[in-house]
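Input: a single structure, listed below in structure tokens.
Below, each value reflects all heavy atoms present in this structure, side chains not excepted, and no hydrogens, waters or symmetry copies.
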Amino acid sequence: MNSTKAASVAVVLLAFAAVLGVSEFLAGRFLAEKRYVPITNEQLAFYEKHYEELNHLRSIYVEPRAAGTMDTPESLMFTVIGDGPRKVLVQGDSWAEQFIASKPTRELLRDFAARDSDTFVLAGTTSYAPSPMTVQLRELRAEFGVKADVVIAVIDQTDVGDELCRYRPQRQHVNGKLVVRPFPFDSTEVYALRKPFTQQDIVNSDDWALVKLVKLARIRIAALLDRADKTTKCPWEAIARPLREGVSPQDRQYFLSVLDDYVEMVFAVPETTHLFLVTHRHRLHATGEYRLDVRDLLREEVSRSRHGSRITIVDFPYDTRTPADAGIYVDGDPASHLTDEAHAKFYVPAVLKSLVEHR
């Protein structure tokens, strides 16, 4: 009887082990094809290392990745064009990222760098504003030794809304230094990546495949059961509101203080001798629908900064006020981005002209 029971137990255990083994094999096969982020594990590690203080890096969803210009881990933060002795750092939001994302502009910069013996460090990142730019500049210097002779900072009209809505809640000072924290795990903001990163880290872990599936299922179930309001807190309407309605005196001073932080970081090293602040009116400035022009805030910043003599605001040789649809803007784009042709034909040459005059 005892031997029969032992045999039965052995059969049950063998069957259980077989089911477990098959399940583990099938789970492993399933997870082998599963990716929650469309970047390599090396790029993921780079991103996770930096976004805790920088909020986000360049988009991981760009396809194709600017014709091979964003295929290394570091290219999620910056890309280098040229190898001349003068280093020119370009920072800012998508208007600055267009310096590398636009083929005509890339070619223009390569020609200019070769002719003028410059090295361009292109660090533009969509939705950046002075707060993440300040942290990015510190990281570029500390980890990658980027100490530019000249800094070009693209300050877009939307930077005001980005600072007031997106980044003010994320700004912290930790051990005396500014950080811009990532958005929470369950956030629906555009650059909220904690959840997919956590899911990918689970897939990449050394746990058993079945354990990984359980962990992933818990995240999925928690999301299904979560009844909290998941409305995006900073949609386009919130970002554009300061442009339409203006800002309060308190918010104006807050934005200027954020600009102060950035300017002080720019000139924190002796190698950097000049800062160019570049901005551009949006389509709705021409129609009168936008009341606030960030150029006025930049002028106020230059006038009050102790570094004002080393700061130049770049103006453009074309009138964006008339007509409003002069063909320089991307059709249907509420953010009034320039077409690649206009970016390379008008916008960038105005910046390069200022560089030549400064040399």
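Using the six-membered ring where Trp is involved, H343 and F99 have ring planes that are perpendicular, over 60° apart on the 30 and 60° scheme. Using a 30° and 60° split on the angle between ring planes, Y347 and W95 fall in the tilted class, from 30° to 60°.
Between Y47 and F197, the ring center distance clears the sub-6.0 Å criterion.
For the residue pair T126/E97, the side-chain donor-acceptor check at 3.5 Å is satisfied. Between Q98 and T105, the side chains place no donor N or O within less than 3.5 Å of an acceptor N or O (distance only, hydrogens not considered). A donor-acceptor pair shorter than 3.5 Å cannot be found between the side chains of T125 and H56. The closest side-chain donor-acceptor pair between H274 and D149, if any, does not fall under 3.5 angstrom. In summary, the side chains of T79 and R58 do present a donor paired with an acceptor at a separation below 3.5 Å, with no hydrogens or angles considered.
Between L109 atom CG and D116 atom CG the span is 11.5 Å, to the nearest 0.5 Å. Atom-to-atom distance recorded for I239:CD1 and D162:CG is 4.5 Å, nearest 0.5 angstrom. Residue F120 holds its CZ atom at 5.0 Å from CG of D118, rounded to the nearest 0.5 Å.
Contact record, H307 with V263: CD2-CG1, 3.9 Å, taken as the closest heavy-atom pair.
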Item to check | Criterion salt bridge (charged side-chain N to carboxylate O under 4.0 Å, His left out) on D186 and K195, from CA distance to verdict | outcome: CA-CA 7 Å; D186 58 351; K195 182 176 179 180; over 6 Å; no
Next on the checklist: Set out, in order, the CA-CA distance, both residues' side-chain angles and the distance that settles salt bridge (charged side-chain N to carboxylate O under 4.0 Å, His left out) for E357 and K353, then state yes or no.
Outcome noted: CA-CA 6 Å; E357 293 172 350; K353 180 174 180 291; 2.6 Å; yes
Next on the checklist: Quick one, Y191 with Y51, criterion ring pair (Phe, Tyr, Trp, His ring centres under 6.0 Å). Give me CA distance, side-chain angles, the key distance, then yes/no.
Outcome noted: CA-CA 10 Å; Y191 293 99; Y51 90 129; over 10 Å; no
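Salt-bridge formation is detected for the pair E264/R306: a Lys NZ or Arg NE/NH1/NH2 atom is positioned less than 4.0 Å from an Asp or Glu carboxylate oxygen. Look at R244 and E289 and you find a salt bridge, because one of the NZ, NE, NH1 or NH2 atoms lies within 4.0 Å of a carboxylate O, short of that distance. We find that R194 and E48 are not joined by a salt bridge, their nearest charged nitrogen and carboxylate oxygen being 4.0 Å or further apart. The existence of a salt bridge linking K215 and D207 is confirmed by a sub-4.0 Å separation between a basic side-chain nitrogen and an acidic carboxylate oxygen. Salt bridge annotation for R106-D340: absent, with no cationic side-chain nitrogen under 4.0 angstrom from a carboxylate oxygen. A salt bridge between E301 and R304 is present, with a side-chain N of the basic residue lying under 4.0 Å from a carboxylate O of the acidic one.
Dense packing is recorded around CD of E300, with more than 12 heavy atoms of other residues, nucleotides or ligands lying under 6.0 Å away.
Of the options R181, R171, K177, a salt bridge (charged side-chain N to carboxylate O under 4.0 Å, His left out) to E53 is made by K177 and by none of the others.
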